[in-house]
Amino acid sequence: MDVKLVNQPLSDSATDIVIEFLSPSSLESHTHASLLSFAKFEGKTEQICFLHEHKTLIVGLEQESNEEYRLSMTSAIKALQNTNYTSAKLCVPKEAYFQAAVEGALLGGYSFQDYKSEPKKSSFQTLIFVYNSEYDYEHVESIFQTTLVIANATNFVRDLVNHTPYDMTPQGMAVTADSLSKANNLECTILDVNGLEAEGMNAMLAVGRASSNPPRLIHLAYKPKNPKKIITLVGKGLTYDSGGLSLKAAASMVTMKMDKAGGCAVMGMIKAASELGLDIEVHAFVGAVENMIGGNAYKPDDVLRAKNGKTIEVRNTDAEGRLVLADVLGYAQEKVKADYIFDFATLTGACMVALGPYTTGVMGHNDELKTSFLEAASNAGEYCGILPFNRQLKKLIKSDLADVCNVSSKPYGGAITAALFLDHFIDEEMKEKWVHFDIAGSAYTESAWDVHSYGGTGAGVRMTLNWLLAQNA
Ligand code: BES
Ligand code: ZN
Ligand code: ZN
């Protein structure tokens, strides 16, 4: 779908149909009030009504808010994609909601068809956003371009996540990173098993050992001249998580191709940052690994020495993401002296228990920094919630054998104890500069919600770009 912004009145663009927002309070005074009443249209958000003979698509909007514009546009686009209309136009009445409407169109219109032998083809090709004379055109145009870049990066992440573990192996992730680096002029370093051994990344190597698809460490760097800040992003890239010898139950294993979503997200973030030309140096590190079973698999009872020298008692091979991140965080901090370090991981089922399946868990030591992400998430249309650390929870990952244990001794607070495990691998001077995002729930969905259809959601991308844009200002 081609989405355009034009600087001309609504009547000047020739399209098949026009999209019009309508609130319940304006329903009665509408020119086609009786038709709408016959159709039982009430103006509820996400409700739509085609007035074909008037070449109009009426879209409900209960309240004027970013979220409602996003949802309404998602419904409108989905409905149009199921018709034979080829083009539509609309005018967003207020500049404040313009970004949300564009997001709704671009993200709500996404669907992944690569594995269908007959991909669903839609006649709908062109959506035109029309300039409103009350806007500051240049400002709106810049919002439009920024929104396009971020939404495209989100859809890029969704595509990556949606690929099967057979098609998107650790090497597949490395190849994707390499082509992204060429397209966007990024630096790209890939470590294979030998490289990981040379770096002492034994925890990551242990997780990947039983797989016939060997692990890769990916480092992408976007380096503008005179950057205002240096930001490190780290992503969990488990291209498949079978649980390892602590094998997952059959039902829980399904969807575990999405365990690479954090790694995919940081690739999407650096893609967007570079396309926006931010004055911020961005580094994206991905630990791309497959957690499998086999005669040489790592085991519960193993003790691993991570890159930073700490020893880890393994009591559950399904708590593998934190082992991979332990080494990647160690590597990232050694290679880049950043102002901030953020990691994104589908780390724990417990995060979904705590916050529900739509919300990203935010954890770390710096309250102000965590709060700044809540604001960025809210501006960007993502759900985030802070899960607090405390010294009691910290004690639950003590090990009698090694420096730390990879699972908690108690069955509650698992999202937080996982983050407290990661904390062992954050250097002292970075403690206040680190935030961990658990995207276990928010990164993937099997039923459509908000702007998301079946599959990867691209969680983290919009929020982080919003945060980076604020730093860039
Ligand atoms: N990748 C999973 C977490 C996950 C679960 C993500 C469901 C998305 C949906 C992670 O590696 C895992 O298996 N975590 C275990 C940790 C436990 C063994 C301490 C979990 O959450 O059960
Ligand atoms: Zn696992
Ligand atoms: Zn996992």
Side-chain angles (χ1 to χ4, degrees), residues 161-162 165 168 170 173 203-204 206-211 215 234-265 286-293 297-302 312-328 343-361 363 387 393 396-399 404-422 436-447 455-457 459-460:
V161 172
N162 289 336
M168 195 51 74
M173 296 278 277
M204 175 164 165
V207 173
R209 203 164 59 214
S211 171
V234 171
K236 170 178 173 181
L238 263 288
T239 58
Y240 203 68
D241 180 13
S242 72
L245 290 180
S246 314
L247 197 63
K248 284 186 184 293
S252 320
M253 207 184 292
V254 184
T255 71
M256 278 305 137
K257 66 169 185 189
M258 59 79 124
D259 216 16
K260 59 185 179 299
C264 299
V286 182
V289 191
E290 195 178 55
N291 185 23
M292 298 297 282
I293 54 173
Y298 85 122
K299 305 169 187 73
D301 284 354
D302 275 341
I312 305 166
E313 177 189 359
V314 177
R315 291 182 75 90
N316 190 319
T317 62
D318 197 11
E320 83 301 332
R322 63 195 76 182
L323 302 174
V324 172
L325 287 177
D327 275 349
V328 182
D343 76 79
F344 300 83
T346 48
L347 206 61
T348 66
C351 188
M352 282 188 268
V353 176
L355 294 171
Y358 312 109
T359 303
T360 295
M363 287 154 269
L387 297 172
L393 286 165
L396 302 183
I397 49 170
K398 281 194 170 160
S399 166
V404 63
C405 180
N406 84 326
V407 285
S408 164
S409 56
K410 282 195 163 60
Y412 303 112
I416 305 175
T417 49
L420 287 167
F421 175 91
L422 298 180
H436 160 63
F437 298 92
D438 194 329
I439 56 171
S442 53
Y444 195 81
T445 182
E446 291 196 283
S447 48
T457 62

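Counting convention: from 1, in listed order, for ligands and their atoms alike. Because the structure is predicted, anything quoted here is derived from the model rather than measured.
Checked by distance only, ligand 1 and Asp241 come closer than 3.5 Å through their nitrogen or oxygen atoms.
Here the side chains of Cys264 and Met173 are in contact, with some heavy-atom distance below 4.5 Å.
When each atom of ligand 1 is checked for a heavy atom of Thr346 under 4.0 Å away, the hits are 1 (N), 2 (C), 3 (C), 6 (C). In summary, the atoms of ligand 1 found under 4.0 Å from a heavy atom of Ala440, numbered by their order in the structure, are 6 (C), 8 (C). Under a 4.0 Å criterion applied to the non-hydrogen atoms of Asn316, ligand 1 contributes the atoms 18 (C). Near Val407, the atoms of ligand 1 lying under 4.0 angstrom from a non-hydrogen atom of the residue are 19 (C). Residue Lys236 approaches ligand 1 through these ligand atoms, each under 4.0 Å from one of its heavy atoms: 1 (N), 10 (C), 11 (O). With ligand atoms numbered from 1 in the order given, ligand 1 contributes 11 (O) to contacts under 4.0 Å with heavy atoms of Glu320.
Counting heavy atoms under 4.0 Å from ligand 1, residue Arg315 does not touch it at all. For Asn291, no heavy-atom contact with ligand 1 is shorter than 4.0 Å. By the criterion of a heavy-atom distance under 4.0 Å, the side chain of Arg322, and not its backbone, is placed next to ligand 1.
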Can you check side chain to side chain contact (heavy atoms under 4.5 Å, CB included) on Leu247 and Met253, steps first, answer last? CA-CA 9 Å; Leu247 197 63; Met253 207 184 292; 3.9 Å; yes
Pair Tyr298, Val314 - check side chain to side chain contact (heavy atoms under 4.5 Å, CB included), show working. CA-CA 9 Å; Tyr298 85 122; Val314 177; 3.8 Å; yes
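Atom 22 (O) of ligand 1 is never approached by the protein to below 4.0 angstrom, counting heavy atoms only.
Residue Gly208 comes nearest to Pro215 through the heavy atom pair O-CD, 4.3 Å, listed as atom of the first residue, atom of the second, then distance. When all heavy atoms are compared, the tightest approach of Ala203 to Ile312 is CB-CD1, 4.4 Å. Among all heavy-atom pairs drawn from Gly243 and Thr317, the shortest one is O-OG1, 2.7 Å. Smallest separation of non-hydrogen atoms from Ala261 and Thr346: CB-CG2, 3.9 Å. Across all non-hydrogen atoms, the minimal contact from Ala415 to Leu387 is CB-CD1, 3.8 Å. Across all non-hydrogen atoms, the minimal contact from Tyr444 to Asn162 is CE1-OD1, 4.0 Å.
Taking 2.8 Å as the criterion, Gly321 does not count as a coordinating residue of the Zn ion (ligand 3), since none of its N, O or S atoms falls below it. Residue contact annotation: Asp318 places no N/O/S atom under 2.8 Å from the Zn ion (ligand 3).
Scanning the protein heavy atoms around atom 15 (C) of ligand 1, the nearest turns out to be Asp318 O, 4.1 Å. With respect to atom 20 (C) of ligand 1, the closest heavy atom belonging to the protein is Gly349 N, 3.9 Å. Of the protein's non-hydrogen atoms, the one nearest atom 8 (C) of ligand 1 is Met258 CE, 3.3 Å. When only non-hydrogen protein atoms are considered, atom 9 (C) of ligand 1 lies nearest to Met352 CE, 3.3 Å.
With atom 3 (C) of ligand 1 as the reference point, the heavy atom nearest to it among Asp438, Asn406, Leu347, Val353 is part of Leu347.
The N, O or S atom of Asp241 lying closest to the Zn ion (ligand 2) is OD2. For Glu320, the N, O or S atom closest to the Zn ion (ligand 2) goes by the atom name OE1. Nearest N, O or S atom of Asp259 to the Zn ion (ligand 3): atom OD2.
The backbone N or O of Tyr240 lies less than 3.5 Å from no partner atom in the side chain of Asp259, so there is not a single donor-acceptor pair.
The structure places CG of Leu323 at 11.5 Å from CE of Met204, a figure rounded to the nearest 0.5 Å.
For Lys299, the NZ atom counts as densely surrounded, since its 6.0 Å shell holds more than 12 non-hydrogen atoms of other residues, nucleotides or ligands.
For the pair Glu290 and Lys260, the salt-bridge criterion is not met [side-chain N within less than 4.0 Å of a carboxylate O].
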